[in-house]
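Proteins come first, then strands; the chains are lettered A, B, ... in the order of their sequence lines, and each starts at number 1.
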Amino acid sequence: MSIRQNQVPLKFEPSRIDSKWQSKWAEDNLYKVNNDSDKPKWYEMTMYPYPSGDLHIGHWYAFSPSDCHARFRRMQGYNVLHPIGFDAFGLPAENAAINRGIHPKTWTMQNIETMREQLQSLGAIYDWNREVICCDPEYYEWNQWIFLKFYEQGLAYKQKAPVVWCPSCQTVLANEQVVNGCCERCDTVITRRDLEQWFLKITDYAEELLDFEGLIEWPEKILTMQRNWIGKSEGVEIQFGLLNSENALISEQTITTFTTRIDTIFGVTFMAIAPEHPLVESLTTKENSIDVKKYIEQSKKISEIERMSTDKVKTGQKVGSFALNKFTNEKIPIYIADYVLPNYGTGAVMGVPAHDERDFVFANKYSLDVKRVVSETGNEDQNMSEAYVGNGIMINSKTYDGISNFEAKELLAKDIEKKKWGKKTTSFRIRDWLVSRQRYWGTPIPMVECSKCGIQPVAISDLPILLPDDAEFKPSGESPLKTSIDFVNTVCPKCFGPAQRETDTMDTFFDSSWYMYRYLNPKYKEAPFDNKLVKSWMPVDQYTGGAEHAVMHLLYARFFTKALRDMGLVDFGEPFLRLFNQGIILGQDHEKMSKSRGNVINPDDVVTGMGADAVRVFLMFIGPWDQGGPWSNVGINGIARWLNRVWTITTEKYELGSETMINQQTTDELAKTLHKTIKKVYEDLDKFKFNTAIAQLMEFSNYLNKTLNTKAVDPLVWNSCVRSFLLMFAPIAPHLAEELWEINGYKYSIHSESFPIWNEELISENVITMIVQVNGKVRDKIETAIGMEESAVKSLALMSSKIQAHIDGKTINKVIYVPDRLINIVI
RNA sequence: GCCGAGGUGGCGGAAUGGUAGACGCGGCGGACUUAAAAUCCGUUGCCCUUUAAAGGCGUGUGGGUUCGAGUCCCUCCCUCGGUACCA
């Protein structure tokens, strides 16, 4: 794919120009960002890449438009910080190490080397002095520092939690390593294991994370996804009594369920609890114990697989005991069922088949009663073919009959609280963030376990806790750090006796939750970030990146900033004020790019042949940035042609011949076109509408081309048009713009210039094309002066022979007049 | 299933409720050339028409609102993305 057929030859040497300016900019520190500036600040960030070792076209699609936007802000007069770094910890490094025997550190650092070079070929305004590499101890030391702060605040805690386990590889798997319930590497069916693991209490912030007030401009789609992810629902917790099969109360104990539909309490016909529920054992009667055990075993194994592949198979197992509905005094059977999740609500569900789809399916399968208690407009039929989940009037609910179910919800909740049977409560879907990874290539969690003092935090003065080089990271069934004796054996920070280090490492989302602070001064030694710089630069004004990070990364980052704020470390609550999500670049076949499809485009090949600017411009031109779109080897030729034309227009000698006449009208028209162009390009770049901005510039260059042929304007006017054009071109095609700026004899650098400003007066028209419609259909167009009266336009329109032909003596019922736009004659 | 985005020429895509198809690709015709490529000029939604003029039809489907709908409302179909037993 390195040689494309029918490639349009360029009039300039792109590789020469690219490297010429890239090295000049670097030498001059042109893009070094000054922290002290009179200009207003603009912090524009793009999500940093994982150093996979190869910069693919998707990276170009993410980075070149964001660079263009940052450059535009720069030319608008902002002091712009547009940093880049590497998300350098993570699984692929460890996999490469396991497969190829290279140390993860070596592999990662080599990849960063090559990717840094590839990134430089973009010609972006990155300030490389601020590069962040999070596998560097200089960075992860502060991960540990922040972790200790979280621990101090009670936001970090250790608890048993299940992990996905591959019995064959003897290793913990990440969710994405599980394919159809099997290990992606060896295809073995996975199981689960309970391990003591570290969590961050993001749930403390669940309510506040739902508040998006502090954000200026985020896509509604992302907010919805975050809302759903947090999953707030308000309901009632209510206790049920417990009976054995002889109707005797088992104990004073009760079982609590959470429901959002307390209005259906009279329709409860069974209770379903999670197989993991703590009361399962005590509720299981002798005659059911074998079956219950079997069901629990089975759900442990199958649940994950079933969940992924099948839809809504509801199974359960009777435990033998009964629950007592305190409102009806009815005795209802208790089941364990894997559709009830142990970690949501109370892990127990009151089954109301008539008004819940899942309960309905379950009741059908086990022949349980269906009892309708909410009536949809008078329908009291008890033979239901499906659950009725809507609202209505209460029936079969004793004293609550006849009122709306909304009202009943309120009354019942109050009643329950009065009787002390339960309480109103709010439930969240979001769970605490599990940050422990049983992996080598990550930040060591700075904790120590002492047999005398228990879990102890490492002293801040002992940071960083370095990742040892000698750990065996090949899978063994334990955290790899356990194999480094020197690492594990340490001294208790409290009693100075022998102790062991925590051997889990941190989730890489920990790194990316605060890297925006570190960019400000990645070398800062006193703290994770320099407060003075945080005050002047944060929060990030514009963040761009893929929508795949809608919930995890973006939610974690918001949580971090709120937690840091509550510790008094920052004084704002949102890290990213504006967010824009780019789409996905597709292959030429309109399919997602993948090696197996063979439709991958290697940007290096194209850049070598056509230059960075051609690639940048094409990627921005194919369509709206947030929609993504297909690459095209043929389509990029159009860009090459355009760049050639730009080259010609801006380098050709413009001189008036002896017989050339300067035409005032042509000059005025050119000025108007220029100013219209400036307005359109300015407004489009502002809103990330690169495709239409470029289209407008193309139109303008076509117009300039015509002017070049007629030479009917003064050379001074011509030169100022070329100058303005180049300035608009600069953020889009920075190398070529700089070269042409130099050829035209302007002072280096174009990238230190301001974006042109348009003059609204020059844009206003005095003659417009009036559309004349008959019955809403365009029949003629007439030139009229601006601001013409309706009556005048009407008589002009009626004079048109084309219009006459359509009216043809019929009576005019009505005339719609839109000033300076159209007139519609209705007959 | 639910949530979100979208469906416009041969293709990528433009269009504050007011000229549908900007800009570009591709195609066609011409100029230049021994020739080809490149370049330049012209042309290009479909139908009818020898051509032109003049019509007619056209933004996934079917309805509606409006003087006027790609755009607003309702029904359905399809594509893509996200998410999933949340009680």
Side-chain angles (χ1 to χ4, degrees), chain A residues 6-11 219-222 224-225 227-229 231-233 235 257-261 264 272 274 303 306-308 310-314 337-341 343-352 355-359 361-362 427-430 547-548 550-551 581 583-584 586 590 592 618 621-624 626-642 644-645 648 689 691-702 705 709 769-781 802 805 813-818 821-827:
Chain A
N6 301 328
Q7 187 188 306
V8 172
L10 295 166
K11 294 190 171 182
E220 199 50 47
K221 178 181 152 181
I222 303 291
T224 308
M225 284 167 83
R227 243 178 242 123
N228 293 341
W229 187 264
K232 179 181 178 176
S233 51
T257 69
F258 173 75
T259 179
T260 54
R261 290 296 303 272
T264 62
S303 65
E306 289 297 286
R307 257 181 220 184
M308 295 205 156
T310 45
D311 29 335
K312 319 222 169 185
V313 178
K314 305 259 175 295
D338 60 14
Y339 80 89
V340 182
L341 306 175
N343 37 26
Y344 181 78
T346 60
V349 170
M350 56 180 226
V352 187
H355 303 291
D356 182 281
E357 284 170 38
R358 293 151 306 182
D359 296 347
V361 175
F362 190 83
S427 215
F428 290 93
R429 187 192 107 100
I430 192 173
E548 67 273 20
V551 279
N581 295 118
I584 297 165
L586 303 172
H590 293 42
K592 224 180 203 157
F618 182 64
F621 184 66
I622 45 178
D626 53 348
Q627 276 172 38
W631 175 266
S632 166
N633 280 335
V634 189
I636 197 173
N637 274 330
I639 301 302
R641 271 187 212 117
W642 183 54
N644 277 338
R645 232 174 302 139
T648 309
K689 291 166 81 176
N691 58 328
T692 46
I694 292 169
Q696 184 65 36
L697 275 181
M698 286 175 169
E699 269 189 80
F700 185 54
S701 62
N702 290 344
N705 201 35
N709 295 333
T769 307
M770 180 70 62
I771 302 304
V772 186
Q773 298 184 331
V774 177
N775 283 353
K777 289 197 172 169
V778 181
R779 296 302 182 186
D780 202 4
K781 296 161 196 181
K802 288 180 187 172
N813 287 328
K814 203 174 179 185
V815 174
I816 309 286
Y817 180 61
V818 184
R821 197 141 238 180
L822 70 78
I823 183 161
N824 185 12
I825 298 163
V826 186
I827 54 171

Sugar-phosphate only, base, or nothing, as touched by Lys781(A) at under 4.0 Å among non-hydrogen atoms: base
Contact under 4.0 Å: Arg641(A) side-chain N or O vs rG26(B) OP1/OP2: yes
Sugar-phosphate only, base, or nothing, as touched by Asn228(A) at under 4.0 Å among non-hydrogen atoms: nothing
Chi class for rG29(B): syn within 90° of 0, otherwise anti: anti
So which protein nitrogen or oxygen atoms get under 3.5 Å of nucleotides 21-23 of chain B's nitrogens or oxygens?
unit_1	atom_1	unit_2	atom_2	d
rA22(B)	O2'	Glu699(A)	OE2	3.0

Under the side chain to side chain contact (heavy atoms under 4.5 Å, CB included) test, residues paired with Thr259(A) that sit two or more places apart: Arg261(A), Ile262(A), Met350(A)
Sugar-phosphate only, base, or nothing, as touched by Ile622(A) at under 4.0 Å among non-hydrogen atoms: sugar-phosphate
Rounded distance in Å - CG (Asn824(A)) to P (rU66(B)): 15 Å
OP1 or OP2 of rA87(B) under 4.0 Å from side-chain N/O of Arg261(A): no
Watson-Crick or G-U wobble mate for rU59(B), both contacts under 3.5 Å: none
Touch class at under 4.0 angstrom, heavy-atom based, for Glu220(A) against every strand present: nothing
Sequence-aligned protein contact record of nucleotides 51-57 of chain B, with B where the base is within under 4.0 Å of a protein heavy atom and S where only the sugar-phosphate is: ---SSSS
hbond_proxy Lys221(A) side chain to rC3(B) base (donor-acceptor, 3.5 Å cutoff): no
Contacts of type side-chain hydrogen bond (donor to acceptor under 3.5 Å, both in side chains), residue Asn702(A), not counting sequence neighbours: Arg645(A)
Ser233(A): side chain to side chain contact (heavy atoms under 4.5 Å, CB included) partners, not counting sequence neighbours: Phe258(A), Thr260(A), Tyr344(A), Ser427(A)
Counterpart residues, side-chain hydrogen bond (donor to acceptor under 3.5 Å, both in side chains), relative to Trp642(A) (two or more places apart): Ser701(A)
Counterpart residues, side-chain hydrogen bond (donor to acceptor under 3.5 Å, both in side chains), relative to Lys232(A) (two or more places apart): Glu207(A)
Sugar-phosphate only, base, or nothing, as touched by Val778(A) at under 4.0 Å among non-hydrogen atoms: sugar-phosphate
side-chain hydrogen bond (donor to acceptor under 3.5 Å, both in side chains) involving Asp780(A) - partner list, sequence neighbours excluded: Ser800(A)
Partner set under ring-ring contact (aromatic ring centres under 6.0 Å, His included) for Phe618(A), not counting sequence neighbours: Trp631(A)
Whole-angstrom distance between rC32(B) and rC40(B), as gauged at atom C1': 8 Å
Sugar-phosphate only, base, or nothing, as touched by His590(A) at under 4.0 Å among non-hydrogen atoms: sugar-phosphate
Pairwise C1' distance, rA15(B) and rG45(B) [rounded to whole Å]: 16 Å
